[in-house]
Amino acid sequence: MTRNIPDKPGLDGLEAKWDERWENDATYRFDTSKTRDEIFAIDTPPPTVSGSLHMGSVFGYVQTDTHARYRRMSGKEVFYPMGWDDNGLPTERRVQNYYGVQCDPSLPYDPGFSPSDEPNDPPFHISRRNFIELCHGLTAEDEEVFEHVWRTLGLSVDWTQTYATIDDHSRRTSQKAFLNNLERGELYAQEAPVLWDIDFQTAVAQAELEDREKGGAYHEIAFHKPNGDPVYIETTRPELICSCVALVAHPDDDRYRDMFDSSVTTPLFGVEVPFVAHHLADPEKGTGVAMICTFGDTTDVTWWRELDLPTRAVIQPDGRLQEEVPDWLPGQAGEIYGEIGGLFANQARKKMASLLANSGDLVGEPRQITHPVKFYEKGDRPLEIVTSRQWYIRNGGRDTGLNRELLARGEELHWVPEFMGVRYKHWVEGLTGDWLISRQRYFGVAIPLWYPIDANEIVDYDNPIVPDDSQLPVDPTSDTPKGFDESQRGQPGGFAGDRDIMDTWATSSLTPQIAGHWIDDPDLWERVFPMDIRPQGHDIIRTWLFATVVRSHFEHGELPWETATINGWILDPERKKMSKSKGNVVTPLDFVEKYSADGVRYWAASGRPGTDTAFEEEQLRIGRRLAIKILNGARFALGFSDTDVEPTAITEPLDTSMLAQLKETVVGATAALEEYDYARALDLAERSFWDWTDDYVELVKTRAYDDGPAAESAHAALQLALSVYLRLFAPFLPFVTEEAWSWWKDGSVHRASWPTADEFRGVVGEAGILDAVSSILGEVRRAKSDAKTSMRTEVELVEVTADAETVGLAKQAEDDLLAAARAAEIRYTDGEFAVLSTLAQDSSS
RNA sequence: GGGCGUUUAGCUCAGUUGGCUAGAGCACUGCCCUUACAAGGCAGGGGUCGGCGGUUCGAGUCCGUCAACGCCCACCA
């Protein structure tokens, strides 16, 4: 083929050019005819589609792409899908803010509704269906933008294999898995106290909690013994005295030994409650006596359950104390309650403090403290505990047998890096309950169940009506169960649809099943499952990774993948996790514009597996420089001949020496990539390449410009080396390598075979020759540099002192050395290495 | 309170099973427009490898201990 090498190769426009070509040529299309052992399957993380991608996202995705590209070149057919995680709260919140709307399920659907250009303030209330339509619309827009970013960065995804966690296929898969879990008893509903976000008005799971240090105040408050003597407690939540069901102290606490099994009365309300003993009561905290309320915190729930205490809940799902006076507060107690009923907890707290101060039951002033408070990780106000009916998937949090099985799965999984497995272990060991998957939200996969309503209008939750597989996906709030008529919805003798949706993890825990088409393409499923790798961040080991293991364990009785490759985070200069909320956003496309996609990829691939890395823009510039260097190196290597020169022409010792070193680089880089250490492979290739350009290329240059067999040897060696380097760099710098490859080869470098040691058969010489002459050349250069003269300065004599072995090696490439050094003569003496260069005097004229 | 990780040149980081004078890039200094490359290239200065103790012929590398930083987990009275 005719070579068409630009005079001044550059990086501009490579991204668009090659993205289009790869798309047209279906370069990364998955071949569904391959068998499982020929396939490398990746369980790609579906990015959350709620806003924009930042450099932190790019980091992990590029690293995964290097695995995909390496495996593809090594002969595997790579199954590399892309998903969008668009269901769930992040999208709902984004839609609420973007349009200024609020979902109100009680409103009817408005077919003519369209959002206003500017966000409404206050929010405009719209129906559930209108709200969901907005969610779909906005996520579709975002997904287009995301795909553009990924394409520009050169992710070798098969773009025909995409899914969204809210699309019909994902919903069908998710609901089918739910129903299977239900049928096998791995999933159940329970009415129980749950952690509850009062703003989102939904239950949340253990995995979604985080502690935040918040200000609060200890109130020392007097309860009263039957004889009127006070018993003091300390609490940060005096508003819950009306919910108090007992006081508790440690059984070994001598101060209260005589009080156990007696009763006391609450201040203001005068409700009689027992004084009980439990080992969780901490004698060191406060007065050693705690007030048990239903429910102020998770310890209250433990005490309530283990001590079999009554329920006196007043906190409503919206975070307010209920308006109506509870039946356990008769008469005057009820009147006092009237002062706080209807208030938010924090308002009621202040009110109670002043009421208690007036009655003399508050000791001194409340003492300000800061203490950890549980929050929903996406929430803004402390969680409350509300009793409600929720769905749970068993996860070993209440069952030691299952817990052991899941710990064993963690042992079985290959972790990269290895220490990440500890995080899984600790999480599973620390589980306190089953996995709560139901959410009282709108934009998600519906719980696929209805419930019969009997003649007395009682909903029978224990005997749900289950849809057929053919009905999936269903929305029980609008679809009708078989055997019923829509008019029977909510009627005696009719049915009620479950209004809840599943948490987004309940669906994204099925990404292998969704991408592999478990329910509708058994042929594909068999070829890709279990998958090879699950790439993801370490922050979601407890959620996404663990949940996926749980679902696969139940559904298939095996691990969903062989290996988990855990990537680190990008930290900003203050060493905080880089994310858009931190305000340190420059978009990935801005960086592509400035440093090229290959420059950005170089930066991402330089970060060690699993290691958090500080963002340093300089790294992108270095990547850009390497990319340009590769283009120029290719231009040089291909500049001597319009046709390929056979490797049999390679005869010169310097050339075979260079190839011997390159072979070692190939072996090292391959071993690193096999162990998922892309950064090490890149580092090896990069060092080797810079040495190649600095030393070998300079040494061979004069000979290469000549004619004859020695020149032919140089041409062939340059071409072979270039071919190897382009393939070595292809997983990291797909654009420049493809560009240079296209100058002289047919087809894509990304479908070329990964370089192996076999390719060097017959062309490998003594590796030491290149080192020997390079070190001498380096000394000559130093002499010229010390003399502050040009590298072109002629040298009259190079006197080398070295051991016999070095001399022997150097002599084999003496002509190349003399030419590169511009030296007329070289002499050798035995001894410790030293080089004396006699520079020509007239060169500086 | 438990656990994990990090600590190597001014900065960002490599150093694979312990092995000759500890490396790279940036920054800094000097030189060079040399026919692949001046948004380059060549060369140079710069480090008691966090502290202490140990194993060993030999320790940045293994063991113990302490410290700082980061992250994860933990029952909020």
Side-chain angles (χ1 to χ4, degrees), chain A residues 5 7-11 209-214 216 218-219 233-237 240 247-248 280-282 285-293 296-303 369 371-375 382-383 417 419-423 425-427 429-430 432 538-539 541-542 568-569 571 573 575-577 606-608 610-619 621-622 624-626 628-639 668 671-672 675 677 679-680 683-684 686-687 690 693-694 697-698 701 705 718 777-779 781-793 822:
Chain A
I5 304 173
D7 286 340
K8 183 95 178 144
L11 305 176
L209 306 182
E210 66 182 32
D211 283 356
R212 294 182 201 163
E213 282 291 326
K214 282 286 167 186
Y218 276 130
H219 299 69
I233 63 139
E234 281 199 333
T235 180
T236 56
R237 302 203 63 179
L240 291 178
L247 296 189
V248 64
L280 282 182
D282 183 353
K285 277 190 179 169
T287 62
V289 182
M291 168 176 83
I292 304 176
C293 310
D297 62 40
T298 52
T299 317
D300 282 339
V301 178
T302 305
W303 281 323
I369 55 154
H371 60 156
V373 179
K374 287 211 186 305
F375 278 72
L383 292 171
F419 66 79
M420 289 295 179
V422 177
R423 297 202 181 199
K425 182 168 180 277
H426 287 168
W427 176 252
E429 285 173 345
T432 58
H538 52 66
D539 51 329
I541 288 172
R542 65 175 179 170
W569 282 343
L571 308 175
R575 305 204 75 81
K576 299 290 181 200
K577 183 185 178 187
S606 300
R608 247 55 201 180
T611 305
D612 293 350
T613 307
F615 182 71
E616 204 193 3
E617 191 168 336
E618 188 58 29
Q619 284 296 317
R621 202 176 71 75
I622 297 164
R624 180 190 155 83
R625 198 179 57 144
L626 174 62
I628 293 172
K629 190 82 171 176
I630 288 170
L631 290 178
N632 283 313
R635 195 171 111 77
F636 173 77
L638 298 175
E675 292 168 34
D677 193 345
R680 180 168 170 74
D683 186 57
L684 286 169
E686 187 187 5
R687 284 167 194 269
W690 281 104
T693 60
D694 289 352
V697 165
E698 291 305 319
K701 202 173 264 182
Y705 277 111
L718 284 166
L777 178 61
E779 291 300 320
R781 281 174 178 159
R782 187 207 301 262
K784 293 180 181 178
S785 192
D786 288 348
K788 299 187 189 300
T789 184
S790 162
M791 291 298 145
R792 287 203 296 183
T793 303
R822 294 180 172 263

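What you see is a predicted model, and the numbers here were worked out from it, not measured in a lab.
A donor-acceptor contact shorter than 3.5 Å links the side chain of D300(A) to the backbone of D297(A).
Distances shown here put every side-chain N or O of R782(A) at or beyond 4.0 Å from the OP1 or OP2 atom of rA43(B). Checking the phosphate oxygens (OP1, OP2) of rC75(B), a side-chain nitrogen or oxygen of K374(A) falls inside 4.0 Å. Note on K629(A): a side-chain N or O is less than 4.0 Å away from OP1 or OP2 of rG41(B). Residue R237(A) has no polar side-chain atom (N or O) positioned under 4.0 Å from OP1 or OP2 of rA77(B). At the phosphate of rU34(B), OP1 or OP2 sits under 4.0 Å from a side-chain N or O atom of R792(A).
Between A634(A) and V373(A), the residue whose closest nucleotide on RNA chain B is further toward the 5' end is A634(A).
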Please tabulate, one pair per line, each protein N/O and nucleotide N/O from nucleotides 15-18 of chain B that are separated by under 3.5 Å, including the distance.
from	atom 1	to	atom 2	distance (Å)
rU16(B)	O2	R680(A)	NH2	3.0
rU16(B)	N3	R680(A)	NH2	2.9

What pairs of nitrogen or oxygen atoms, one from the protein and one from nucleotides 21-27 of chain B, lie under 3.5 Å apart?
from	atom 1	to	atom 2	distance (Å)
rC26(B)	OP1	R625(A)	NH1	3.4

Under-3.5 Å N/O pairs linking protein and nucleotides 1-5 of chain B:
from	atom 1	to	atom 2	distance (Å)
rG3(B)	O2'	H426(A)	ND1	3.1

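For L209(A) and rC76(B), the CG to C1' distance is 12 Å, given to the nearest whole Å.
Contact record, A679(A) with S606(A): CB-O, 4.0 Å, taken as the closest heavy-atom pair.
Nucleic acid contact for V697(A): base, since at least one base atom lies under 4.0 Å from a heavy atom of the residue. At the heavy-atom level, T693(A) lies under 4.0 Å from base atoms of the strands shown. Within the nucleic acid shown, G633(A) comes within 4.0 Å of at least one base atom, counting heavy atoms only. Within 4.0 Å (heavy atoms only), T302(A) reaches no atom of the nucleic acid at all. Looking at heavy-atom distances under 4.0 Å, K214(A) makes no contact with the nucleic acid at all.
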(message) Only Watson-Crick and G-U wobble pairs with both distances less than 3.5 Å should count. Give RNA chain B in dot-bracket notation, marking inter-strand partners with |.
(response) (((((((..((((.....[...)))).(((((.......))))).....(((((..]....))))))))))))....

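With hydrogens and angles ignored, a donor-acceptor pair closer than 3.5 Å exists between the side chain of S785(A) and the base of rG30(B).
In this structure, the nucleotide among rC75(B), rC37(B), rC72(B) sitting nearest to the side chain of E698(A) is rC37(B).
For H426(A), the ring pair (Phe, Tyr, Trp, His ring centres under 6.0 Å) criterion is met by no residue, not counting sequence neighbours. Checked against ring pair (Phe, Tyr, Trp, His ring centres under 6.0 Å), F636(A) has the following partners two or more places apart in sequence or in another chain: F640(A).
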